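Inspection log for the structure reproduced underneath, given as structure tokens.
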Amino acid sequence: MSPTLRRWTVPLALALLVAPLLACASSGVNKGQFNLISVEDEWQLGNQLAADLARQLRLVDDPVAQEYVESVGRRIVAQTEMARLPWHFHIVADPEVNAFTIPGGHVYVNTGLIEKAPNVAAFTGALSHEISHVVARHATEQLSKAYGIEALGGAVLGRNPAVYEQILASILAQGTMARFSRSAESEADHLGAAYMYKAGYDPQGMVQMFQTLLAERKSRPGSVERFFASHPLTEDRIREVQKEISGFPNTGNLIASDPRFEQLQDRFSG
Ligand SMILES: [Zn+2]
């Protein structure tokens, strides 16, 4: 190949690669957001990470609990623009009050969060917030900024083990793969409250879950440390959610509690 040709081949190849990837961020929730990873590659990366996490986390193997968490999760996902993609819900045997997501529709909830949620609507508030981080593609937006296209292409396709290992280690150490910005948190609250409401759950549950988390931080700071490290949560944020949901018409039959959820809590209470 001549030096002139070589000079043009790399930028051209990158341009061809970037154009369709950027195009996928041009509609819906992610309109105009910078993201170098296609949804297909994100789902592939997520499956690879989930397989590694399954070996390193203590996942709960309880079909009844699994079925219940999945049923709530799928009800929320059905309200989103990613309803047609495969999602996976995992329960982690960990008393810490935490929930997190990795790319590609894998959502993790700790038994500690299930146990501490005052009711099913509060649990759904946390779940809906996490699902919204995935729908808004916050993790891959952050990865795009941090690593750029070459490192990311390598991590996604397994050609850059160093970057991949760094992402995996961060999930294991921090209980999350991203430290979300305030604007990402607001977006996840905003979307999450609307999705849970549309799915028939009382959105007031999200406020209750946040209040529970703040109260936990006062009484047992260690039990929510990782949640607060990845999701900055303030009284202001709670007020914003409260204001937003006060505009949702009360349909009179929103789900706030569910005996099946209470049975699930009994299974996990130590
Ligand atoms: Zn969050």
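Read the numbers this way: they start at 1 and go in the same order the structure lists the ligands and their atoms. All residue numbers in this chain count up from 1 along the given sequence. Everything numeric here is computed off the predicted structure, so don't read it as measured data.
Taking backbone and side-chain atoms together, H138 has no N/O/S atom less than 2.8 Å away from the Zn ion (ligand 1). At a threshold of 2.8 Å, the Zn ion (ligand 1) has no backbone or side-chain N, O or S atom of E130 nearer than that distance.
The name of the N, O or S atom in H129 nearest to the Zn ion (ligand 1) is NE2.
The closest donor-acceptor contact from the side chain of W87 to the backbone of M82 lies under 3.5 Å. T80 contributes no side-chain N or O that, together with a main-chain N or O of I76, makes up a donor-acceptor pair within less than 3.5 Å.
Of the residues Y195, F100, Y108, F180, the one that meets the ring pair (Phe, Tyr, Trp, His ring centres under 6.0 Å) test with H133 is F180.
Considering only heavy atoms from C-beta on, I238 comes within 4.5 Å of L214 through its side chain.
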